[in-house]
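Down below is the structure, laid out as structure tokens.
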There are 2 protein chains.
Amino acid sequence: MPRVGLSPAGVVDAAIAIVDESGPGELTLSAVAGRAGVATPSLYKHVRNLAELRRLVRRRILEELTGRLSDAALGRSRDDALRSIMRAYRSYVVDHPGRYAAMDQSAEPEPELDAASEKLLGVVLAVLRGYGLEGPDLVHAARCLRSAVHGFAVLEAAGGFGLPEDLETSYELLITMVKSGLPHPTPAP
Amino acid sequence: MPRVGLSPAGVVDAAIAIVDESGPGELTLSAVAGRAGVATPSLYKHVRNLAELRRLVRRRILEELTGRLSDAALGRSRDDALRSIMRAYRSYVVDHPGRYAAMDQSAEPEPELDAASEKLLGVVLAVLRGYGLEGPDLVHAARCLRSAVHGFAVLEAAGGFGLPEDLETSYELLITMVKSGLPHPTPAP
DNA sequence: AGGAGAAGCTATGGACATTAGCTTACTGGC
DNA sequence: GCCAGTAAGCTAATGTCCATAGCTTCTCCT
């Protein structure tokens with residue numbers, strides 16, 4: 001049999017392509033194998049099982065998203081940075097709704113993703129620290145920011161916003177809401 | 001065979017019990033059948049298939065949540081009402097994390113749930129109208145409120161908040177954030 | 001060239017959803 | 001009180017999917 005040169009990363013590539021095209025519900029080993037040009041059991045040479053593949057997919061997505069956010073934060077601070085990462089977050093979801101949907105399909109918290117999540121959290125914390133936030137205030141602010149952004153993203157990716165009003169405008173309001181709701185220990189310097 | 005007196009509602013009851021105890025990932029027809037004291041194929045006398053059962057479960061949950069919210073809004077208005085429904089929302093999730101997790105497992109938007117969603121939306125809109133909001137502003141505000149609350153709920157139900165800081169406090173900040181971020185076409189009367 | 005290890009494969013088994021077709025318990029009309 | 005007809009239950013069987021076992025064959029390194 002002519003080897004096809006698969007690798008864990010290649011398997012994840014195929015999985016991501018499926019998620020992009022058909023959503024996380026269609027992510028099955030046979031589908032991945034089909035796309036990779038290989039019989040299903042061959043995948044086990046590269047990936048422990050389906051659960052592990054899902055984890056790798058989520059990690060890949062998380063890292064990709066983190067990359068976008070940290071690019072968006074580069075050279076900016078305060079409201080400028082906040083707005084920029086919030087817009088980057090949503091634009092990732094708009095560009096890849098399937099991927100984003102795949103990311104929150106996990107039932108349990110997964111220690112394997114902690115490193116990746118922490119990096120993303122790091123970007124967010126850095127931006128919020130620019131407002132002079134620290135300690136518990138910083139954590140609470142980060143949670144709220146994350147909730148707002150994630151909530152909007154999930155709903156949009158799932159087609160949960162039925163009405164015809166412009167989503168951009170709604171998101172701008174969300175950005176305003178977060179900005180105006182941050183604790184303000186240090187007014188502008 | 002002694003009839004067990006099952007009904008669509010009874011099947012949903014069993015399904016909800018499973019979701020409560022083990023999460024939406026364990027919701028399988030054999031599990032439901034086992035709990036209902038019936039063989040798996042018998043379920044098809046009451047429910048078209050697994051997808052339909054999931055839909056019914058989601059509808060039940062949505063209705064339950066709507067009930068809580070509308071109770072919470074009763075006799076209140078403006079900040080008082082807003083705070084009350086936001087707290088009611090979260091308390092539902094804290095009481096039934098499995099149920100809430102089950103509710104956002106749908107890949108596609110489901111027309112069958114539109115009536116139920118609309119009722120929930122109705123409660124939210126009523127509260128926001130109390131601020132004098134209407135038209136597109138009302139829609140944008142409702143989306144932001146929903147995003148914030150849903151985002152927090154999903155993350156909390158999934159165990160996504162790892163740090164030890166108090167979640168109550170974080171949620172209070174989220175409430176403040178939403179209040180302070182609402183468009184303000186009509187200041188207090 | 002030759003051998004080791006990795007990358008494939010087929011065959012098999014077990015869980016689950018679903019369909020088909022049968023049996024048996026209730027229910028309403030006589 | 002009896003007797004259909006219907007609805008609720010069952011067993012059997014099929015197809016899909018994840019997973020494991022064990023064999024074969026590339027490929028690469030020496």
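Everything quoted here is computed from the prediction, not taken from an experiment. Order of the sequence lines sets the chain letters (A, B, ...), proteins ahead of strands, with each chain counted from 1.
As rounded to whole Å, 18 Å separates atom C1' of dA7(D) from atom OH of Y44(B). What separates CZ of R54(A) from C1' of dC17(D) is a distance of 11 Å, to the nearest Å. Distance L6(B) CG to dT6(D) C1': 17 Å, rounded to the nearest Å. If you take CD of E26(B) and P of dA17(C), they are 11 Å apart, rounded to a whole angstrom. If you take CG of L43(A) and P of dG8(C), they are 9 Å apart, rounded to a whole angstrom. One atom, CG of L50(A), and another, C1' of dT20(D), lie 15 Å apart when rounded to the nearest Å. Separating the NZ atom of K45(A) from the P atom of dA19(D) is a distance of 16 Å, rounded to the nearest angstrom.
Distance from the side chain of P41(B) is smallest for dT19(C) among the nucleotides dT20(D), dT19(C), dG9(D). Distances were taken from every side-chain heavy atom of L29(B) (C-beta onward) to each of dT18(C), dA19(D), dA8(D); the shortest belongs to dT18(C). Distance from the side chain of A39(A) is smallest for dT10(C) among the nucleotides dT10(C), dT18(C), dC18(D).
Applying the salt bridge (charged side-chain N to carboxylate O under 4.0 Å, His left out) criterion to D71(B), with sequence neighbours excluded, gives no partner residue. A search for side-chain contact (heavy atoms from CB on, under 4.5 Å) contacts involving A39(B) returns P41(B), S42(B), not counting sequence neighbours.
Listed pair H46(B) / dA7(D) fails the phosphate criterion, with no side-chain N or O lying under 4.0 Å from OP1 or OP2. OP1 and OP2 of dA8(D) both lie 4.0 Å or more from every side-chain N or O belonging to S42(B). In this structure, S30(A) reaches the dC17(D) phosphate: one of its side-chain N or O atoms is under 4.0 Å from OP1 or OP2.
The end-to-end axis angle of the helix from dA1(C)-dT30(D) to dC30(C)-dG1(D), rounded to 10 degrees and based on five pairs per end, is 10°.
Note on ring orientation: taking the six-membered ring where Trp is involved, the planes of Y100(A) and Y89(A) are perpendicular (angle over 60°, cut-offs 30° and 60°).
Under the 4.0 Å criterion applied to side-chain N and carboxylate O atoms, R55(B) and E52(B) are assigned as salt-bridge partners. A salt bridge is absent between E63(B) and R68(B): the closest approach of a Lys/Arg side-chain nitrogen to an acidic carboxylate oxygen does not fall below 4.0 angstrom. With respect to D13(B) and R60(B), a salt bridge is recorded, a charged nitrogen being found less than 4.0 Å from a carboxylate O. A salt bridge does not link R90(A) with E172(A): none of the charged nitrogens is closer than 4.0 Å to a carboxylate oxygen.
Base engagement by T40(B) is indicated by at least one non-hydrogen atom pair under 4.0 Å involving a base atom.
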